[in-house]
Amino acid sequence: MSANLPAYLESLNPEQLQAVLHTGGPLLILAGAGTGKTRVITTKIAYLVKEIGMSPESILAVTFTNKAAREMRERAMQIEPACERSTIRTFHSFGAWFLRRNAAAVGIDSNFVIYDDDDSAQLVRTILPQASKQECEHYATLISRAKDYNIEPDSPSLDRLSQESNLRRIYTMYEERLRATGNVDFGDLIRLPARLLESDQVIARRTHQRFRVILVDEYQDSNVAQFILLQRLASQETYVCVVGDDDQSIYRFRGAEVRNILSFANSFPGTTVIRLERNYRSSQTILDIAGNVVSHNKNRLGKTLHATKPGGIKPELALLDDQDQEVEFCSHIVKNHVRAGGRLSDITILYRTNAQSLAFEKEFPRKKINYKIVGALRFYEREEVKDVLAYLSFLLNPRDEIAFRRIVNKPTRGLGESSVDMLLEDAQQRGTTILEACLACQTSLKGKAKAGMEEFLAVIKEASELLKPGGEKTDKGEKSLSVVLETIIEESKLAEYHKNKDEIAGTQKLSNMEELVNAASLYPAVQEGLAEFLETIDLDRSLQAVEDEDATDAVTLITMHNTKGLEFPIVIITGLEQGLFPRDDESGDELEEQRRLFYVALTRAKDRIYMTACHWRRIHGRLFETQPSRFLTEIDPSLYRLWGEMPQTEYRSLRPGSEAAQARGASPPTAQGRNTAQVLGIREWKVGMKVYHDEYGQGVVIKTTDNENSGPLVIVQFETGKVGQFFPKYTKKLEKIQD
């Protein structure tokens, strides 16, 4: 490297440096797992300001989580403090920022509230009052997906998204109701800015002049609407740089479109592609098996990761009888690691579906193994928290129908659903806010309903007074929003309501509401502070209930999807069975995404990988015979070790005949019987034998190995050129052809 380089660039490897120094045309940084992409993008932001002289305000950087955005900002500021003035946000946060500044042009109020999935389903419920909760959630999901693909209610493309005959009508009415509330949903945060940039040339020109540089992190996770927004944010003079890894695109079910990154060079002519292939996380043995898995995908740009860490232990595959033995196997890995001086937190157990965690949840406490599950009910999605937030949403926007319906009769105030419907209809006919309609209807209400409405309005009035400028000051010189929340919780009787529902659970609910009060203490008690607080919450629903994760050493149980972005010294990937991972109905693009998911799971590991597949698995209360995942048969067998080919001392208690096996009711064969079975198995399949497979056709056995637990492994060269490996004990699709 040049001696003239600034000190903060000297530690970059050649490819990272090339990416940071690049200017001019569009740039695609293909950053493999563990290759330091965050370092590259944050250093690039600082470099553009510090060395190139770009105005910080002219730089827009977007990513997908608030945590990533905060990290990006902090790391760029460490190099160049002026980067604080750059716009570094999530896609949705940027959309909200853009809409609040251009609300009039879109025809919405700048104090809009952002509806989450539950709010959207509730809005669908107002259109389909007789529909079940599940049906409403279904239609809300379809509408959300339509917006991800930038499909309008009147677009012919809607029929390709879904064959639901009522969807177009429901989507149209949903949009009318949503606009009437003055609010937006998550899809609107991307769709409406993109639409405005296309229709209003004055705003488009002003935006292009403001943002001269656009950087996008995790670009493989972008959806169609986000791609369109990027195109419209960029003019001919804009420098566009995206960072991503096509092999880690695993969120298709959320609308992510891997073709955005695969076709980036076509969409932005003159693109330079720089590959980051030096991996700083995993050993080469891990990278080799991960690369071998994803190499079977046709739709990829391609790259080969190289480890910077020397050495490495081959990943290990255990073919087990059932889930009980799978838990036993994982327990031994955990306990052996701890006995060797390791921590429980070094280990994560991955699975395809949340239901697979149940066996570990039941057995780990008995084995005195601490664990934590990632992906439980999120803090801001808890009932009591959403109740308080609904009051805040209604204070900010007194047209918010969903928030109003949630709180006006909770706790019960004698205001039934029919009364609420009439009140809302009256507000719509008069063209007033819901709050104004509530004030006007007081004279017409009688008995409990009248008293209930007065009680509700008293809470709203007292909280509104607290949001006015002036009054008691905090140490920071202004009222804290926490005062407003405390008032709402007490005066609305929500605290009493949740405590009385369940004394034990109610205590936790009160703690959760108190934690919300704590979070609000960072914001001033004014309308702008309230809007900022709600926006922060709406855009980061992933915050879990506050807990000291470092206080308890625990094994992490987590789905493969949720593990993206994390890393652990030891990774155990469970449930590698056909029908479970992948499912039998997955093919084409779906199958390729599942291979990418397997790749992501493998590349979470720093030092060791264990994989498990069971012969039998309980699903929905029934026991099914399974076969190993087709992904296992695609892997080059030289890249892993079968359990049974290694010394067995550490797994001795798992073997048939052990105390653990007998406790589970196993009836092991005799040693002589087992040896005989091994001999028969290895003799049954011979090199040179002709075989036939239902899917791959005719082939020849080119290698066999034996294993005490799984029987022979048979490797076949097919006439099509494909090489497959099979465990006959687990599959009936491989047949011998008699000469």
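Quick note: residue numbers are just sequence positions, from 1.
In this structure, K335 has no side chain to side chain donor-acceptor pair (under 3.5 Å) partners at least two apart in sequence or on a different chain. Not counting sequence neighbours, T556 has no partner by the side chain to side chain donor-acceptor pair (under 3.5 Å) test. A search for salt bridge (Lys or Arg N to Asp or Glu O under 4.0 Å) contacts involving D246 returns K303, not counting sequence neighbours. By the salt bridge (Lys or Arg N to Asp or Glu O under 4.0 Å) test, D346 is found to be paired with no residue, residues two or more places apart in sequence or in another chain being considered. For E586, the salt bridge (Lys or Arg N to Asp or Glu O under 4.0 Å) test picks out R352, R583, with sequence neighbours left out. D589 meets the salt bridge (Lys or Arg N to Asp or Glu O under 4.0 Å) test with R259; sequence neighbours excluded. Residues passing the side chain to side chain donor-acceptor pair (under 3.5 Å) test with R595, sequence neighbours excluded: N297, E634. Take K314 and apply the side chain to side chain donor-acceptor pair (under 3.5 Å) test, not counting sequence neighbours, and it matches no residue. Remark: Y351 pairs with no residue by the ring pair (Phe, Tyr, Trp, His ring centres under 6.0 Å) rule, at least two apart or across chains.
Distance alone, capped at 3.5 Å, places no donor-acceptor pair between the Q248 side chain and the D245 backbone. Checking side-chain atoms of Q325 against main-chain N and O of D321 turns up a donor-acceptor pair under 3.5 Å. With hydrogens and angles ignored, the 3.5 Å screen pairs a side-chain donor or acceptor of E277 with a backbone N or O of T304. In this structure a side-chain-to-backbone donor-acceptor pair under 3.5 Å is missing from Q578 to T626. With hydrogens and angles ignored, the 3.5 Å screen pairs a side-chain donor or acceptor of T65 with a backbone N or O of A68. In terms of modelled atom types and a separation under 3.5 Å, the side chain of D322 and the main chain of W616 share no donor-acceptor contact. Between the side chain of S263 and the main chain of N266, no donor-acceptor pair closer than 3.5 Å is present.
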Open item on the list: Show, in sequence, the C-alpha distance, side-chain angles and deciding distance for Y280 and R278, and conclude whether the side chain to side chain donor-acceptor pair (under 3.5 Å) test is met.
Closed with: CA-CA 7 Å; Y280 295 91; R278 302 189 194 203; 5.5 Å; no
Open item on the list: I'd like to know whether E577 forms a side-chain contact (heavy atoms from CB on, under 4.5 Å) with C614, so could you lay out the CA-CA distance, the side-chain angles of the two residues, the decisive distance to 0.1 Å, and finally the verdict.
Closed with: CA-CA 7 Å; E577 297 124 32; C614 296; 3.5 Å; yes
Open item on the list: Please determine whether side-chain contact (heavy atoms from CB on, under 4.5 Å) holds for the pair F64 and T90, giving the CA-CA distance in whole Å, both sets of side-chain angles, and the decisive distance to 0.1 Å.
Closed with: CA-CA 5 Å; F64 284 85; T90 66; over 6 Å; no
TODO: Start with the C-alpha distance between H306 and Q284, add both sets of side-chain angles, then the distance that settles side chain to side chain donor-acceptor pair (under 3.5 Å), and finish with yes or no.
DONE: CA-CA 7 Å; H306 305 286; Q284 191 62 49; 4.9 Å; no
TODO: In sequence, state the C-alpha distance, the side-chain angles, and the governing distance for E328 and S331, and then conclude on side chain to side chain donor-acceptor pair (under 3.5 Å).
DONE: CA-CA 5 Å; E328 201 75 43; S331 300; 5.6 Å; no
TODO: Could you walk me through whether E71 and K67 pass the salt bridge (Lys or Arg N to Asp or Glu O under 4.0 Å) test, one step at a time?
DONE: CA-CA 6 Å; E71 182 182 1; K67 180 181 177 182; over 6 Å; no
TODO: Give the intermediate values and the outcome of side-chain contact (heavy atoms from CB on, under 4.5 Å) for residues C241 and K44.
DONE: CA-CA 10 Å; C241 169; K44 190 171 184 70; 4.1 Å; yes
TODO: Step by step, work out the side-chain contact (heavy atoms from CB on, under 4.5 Å) result for I313 and D607.
DONE: CA-CA 7 Å; I313 302 170; D607 304 317; over 6 Å; no
Task: Trace of the salt bridge (Lys or Arg N to Asp or Glu O under 4.0 Å) decision for R275 with E15 - done: CA-CA 7 Å; R275 287 173 167 80; E15 297 80 24; over 6 Å; no
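At least one side-chain heavy atom of R300 sits less than 4.5 Å from a side-chain heavy atom of D247. In this structure the side chain of V338 reaches within 4.5 angstrom of the side chain of L344, judged on heavy atoms. Contact check for P315 versus L639: no side-chain heavy atoms found under the 4.5 Å cut-off. Side-chain contact between E316 and M611 is absent, with no heavy atoms from C-beta onward closer than 4.5 Å. Considering only heavy atoms from C-beta on, V555 stays 4.5 Å or farther from K372 through its side chain. With a 4.5 Å cut-off on side-chain heavy atoms, R604 and T348 do not count as touching. Using a 4.5 Å cut-off on side-chain heavy atoms (C-beta onward), Y47 and L9 make contact. In this structure, L17 and L5 have side chains that are in contact, with non-hydrogen atoms separated by less than 4.5 Å.
When every heavy atom of L27 is checked against every heavy atom of F264, the shortest pair comes out as O-CE2, 4.0 Å. Among all heavy-atom pairs drawn from V571 and A601, the shortest one is CG1-O, 3.9 Å. Contact between G312 and S283 at its shortest, heavy atoms only, is CA-CB, 3.7 Å. Between Y219 and N260, the shortest heavy-atom contact is CE2-O, 3.3 Å. Heavy atoms only, all atoms of each residue included: S357 and I373 are closest at OG-CD1, 4.4 Å. Taking each heavy atom of A256 and Q220 in turn, the nearest pair found is CB-O, 4.2 Å.
For R617 and E326, the salt-bridge test passes: some basic side-chain N is under 4.0 Å from an acidic carboxylate O.
Taken to the nearest 0.5 Å, the CG atom of L262 stands 9.5 Å off from the CG atom of L28. Between L319 atom CG and F329 atom CZ the span is 10.0 Å, to the nearest 0.5 Å. Here the straight-line distance linking atom CG of L557 with atom CG of N562 works out to 12.0 Å at 0.5 Å rounding. Rounding to the nearest 0.5 Å places CG of L602 at 8.5 Å from CE of M560. Taking CD1 of I333 as the start and CD1 of I347 as the end, the distance is 7.5 Å to the nearest 0.5 Å.
Applying the 6.0 Å contact sphere to NZ of K367 captures more than 12 heavy atoms from other residues, nucleotides or ligands.
Checked against the 6.0 Å centroid criterion, the rings of H561 and F253 qualify as a close aromatic pair. For an aromatic pair to be called close, the ring centres must be under 6.0 Å apart, and F631 with F581 satisfies this.
The salt bridge (Lys or Arg N to Asp or Glu O under 4.0 Å) pairs that include a residue from residues 279-298 are R281-E567, where partners are two or more places apart or lie in different chains. Listed by first and then second residue, the side-chain hydrogen bond (donor to acceptor under 3.5 Å, both in side chains) pairs that reach into residues 30-39 are S11-R39, K37-D217, K37-E218, sequence neighbours excluded. For residues 354-363, the pairs satisfying salt bridge (Lys or Arg N to Asp or Glu O under 4.0 Å) are E363-R366, with sequence neighbours left out.
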